[in-house]
Amino acid sequence: MGKMDWVEEEVRVLKETGRYIPIRTLQTSQGAWVKIDGRKLLNLCSNNYLGLANNPEVKKAMHEAIDIYGVGAGAVRSIAGTMELHIKLEEKIAQFKHMESSLVYQGGLLANLGTIPALVGKEDLVFSEELNHASIIDGVRLSSAKRVVFSHNSAADLEAKLKAERSTGKKSLIVTDGVFSMDGDIAPLKEEAEVGEKYESMIYVDDAHGEGILGDHGRGIVDHFKLTGKVDIEMGTFSKAVGVMGGFVAGRKELIDYLKQKARPFLFSSALNPGEVAAIMKSIEIMDRDDSLLKKLWNNSEFLKEKLRNIGYNTGRSKTPITPVMVGGEKETIDLSKTLYEEGVFASPIVFPTVAKGAARIRLMPSAVHSREDLKYAGDKFEEVGKKLKLI
Ligand SMILES: *Cc1c(COP(=O)(O)O)cnc(C)c1O
């Protein structure tokens with residue numbers, strides 16, 4: 001036995017238990033349709049909500065920034081990697097989100113990994129939502145704070161947990177996803193913020209799937225619930241609706257100053273490239289000046305949900321464009337996804353352990369770049385394949 005043989009064994013187990021994820025390779029840019037294995041497929045899997053990943057204006061902004069600033073930032077932010085573009089972007093985010101200040105990271109995952117451990121430590125408490133994203137869970141682990149999990153979408157359970165656990169002298173942080181990525185439902189942030197206020201607990205929202213989707217011009221969940229000033233830390237990503245790469249946190253000025261001294265991805269990992277920074281800025285500018293893409297996204301998602309419901313599918317508890325098609329069984333879900341794929345519809349199966357056993361589903365991500373015809377095509381294929389597999 002070689003000392004690395006365990007790797008093969010692990011992979012074999014993943015394959016045997018149906019948990020091995022096949023990685024599809026795109027041969028085109030992101031868009032309504034993509035090419036995979038030489039075949040054209042309707043793309044209902046990407047997070048490119050507004051189509052900005054391949055927007056001509058955004059691409060141009062990136063090209064221009066590369067001509068002026070080069071392709072790399074050349075250093076970590078705290079040494080020589082902070083360019084004037086980074087500062088401008090941070091000002092723009094703060095302005096867009098009606099927050100005092102913001103800090104840009106190289107990704108959303110890094111924003112969570114970097115910020116949470118800077119806010120709480122060994123002596124402190126974190127109240128973490130049951131369905132939080134993996135990057136929050138890992139951020140909480142890195143902090144070494146005591147973790148208390150509260151029930152999904154339950155401000156009442158959050159209050160009960162705070163009441164039981166919160167003792168004086170310690171710092172406390174409530175952390176939750178804003179929009180839950182597998183179900184598309186929205187956290188009751190207003191009630192949770194009130195509980196946070198009552199028990200002197202900071203509140204942190206990860207708005208990765210709310211950015212560009214909720215609120216006026218896509219300002220996000222805090223704007224959606226009119227909670228400006230009531231949420232201490234807003235975290236977001238630039239890789240979903242914004243269409244590029246990177247992440248951020250926004251909050252009061254002192255907090256951002258502090259994070260620049262403490263957050264490890266800021267201190268120990270090189271800065272976001274100037275081209276990316278310029279592209280992000282352009283995407284936000286587009287969102288800010290015109291909400292027609294946002295409206296199209298919502299119209300498209302309403303249309304798709306209604307179509308699926310009329311055919312006889314259950315689209316779960318989604319309140320956002322994220323469209324789960326609830327199937328239940330793991331095998332049925334994987335069969336449905338495979339057959340749709342053969343029929344030209346790229347739609348990802350979500351199974352255990354990403355969701356609970358028996359809650360397997362296909363998750364559809366409609367976007368502003370899909371046409372009505374595209375979505376009709378998806379609906380027709382779901383009908384045809386669903387009948388064939390006796391799911392509807
Ligand atoms: C996608 C996602 C992230 C990670 O963002 P990246 O910018 O892709 O690293 C973090 N939190 C949530 C809730 C997400 O959905």
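Every number for a ligand or one of its atoms is a count from 1 in the order of the listing.
Residue, atom and distance of the protein heavy atom nearest to atom 8 (O) of ligand 1 are Ser239 OG, 3.0 Å. For atom 5 (O) of ligand 1, the nearest non-hydrogen atom of the protein is Gly108 CA, 3.4 Å.
Residues Asp206 and Asn112 have side chains that bring a donor and an acceptor to within less than 3.5 angstrom of each other. Side-chain contact, Asp185 with His152: a donor N or O sits under 3.5 Å from an acceptor N or O. In this model, a donor atom of one side chain and an acceptor atom of the other lie less than 3.5 Å apart for Tyr69 and Glu84. Residues Ser371 and Asp374 have side chains that bring a donor and an acceptor to within less than 3.5 angstrom of each other. Using a 3.5 Å distance cut-off with no hydrogens or angles, the side chains of Lys260 and Ser78 do not pair a donor with an acceptor. Counted by atom type alone, Ser269 and Tyr105 present zero donor-acceptor pairs between their side chains at under 3.5 Å.
Every atom of ligand 1 with a heavy atom of Thr237 under 4.0 Å away is listed here by number and element: 5 (O), 6 (P), 7 (O). The contact set between ligand 1 and Ala208, taken as ligand atoms under 4.0 Å from a residue heavy atom, comprises 2 (C), 11 (N), 12 (C), 13 (C), 14 (C), 15 (O). Close approach of ligand 1 to Asp206 is summarised as follows: ligand atoms under 4.0 Å from at least one heavy atom of the residue are 10 (C), 11 (N), 12 (C), 13 (C). Within ligand 1, counting atoms from 1 as listed, the ones closer than 4.0 Å to a heavy atom of Asp177 are 13 (C). Atoms of ligand 1 lying under 4.0 Å from any heavy atom of His209, numbered from 1 in the order shown and given with element: 15 (O).
Selection from Lys240, Met245, Met182 by nearest heavy atom to atom 14 (C) of ligand 1 gives Lys240.
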Review point. Hey, mind stepping through Arg309 and Thr315 against side chain to side chain donor-acceptor pair (under 3.5 Å) and telling me if it holds?
Key: CA-CA 7 Å; Arg309 276 192 220 116; Thr315 57; 3.2 Å; yes

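Residue-to-ligand polar distances keep Phe238 apart from ligand 1: every N/O pair is separated by 3.5 Å or more. Not one N or O of Ser181 is nearer than 3.5 Å to an N or O of ligand 1, by distance alone.
Assignment of Gly246 to the shell around ligand 1 is supported, since a heavy atom sits closer than 4.0 Å. For the ligand labelled ligand 1, residue Ser135 lies inside the 4.0 Å heavy-atom shell.
At a 4.0 Å heavy-atom cut-off, ligand 1 touches Leu109 through backbone and side chain alike.
Aromatic ring centres of Phe180 and His209 lie farther apart than the 6.0 Å criterion allows.
Other residues, nucleotides and ligands contribute more than 12 heavy atoms inside 6.0 Å of the CD atom of Glu254.
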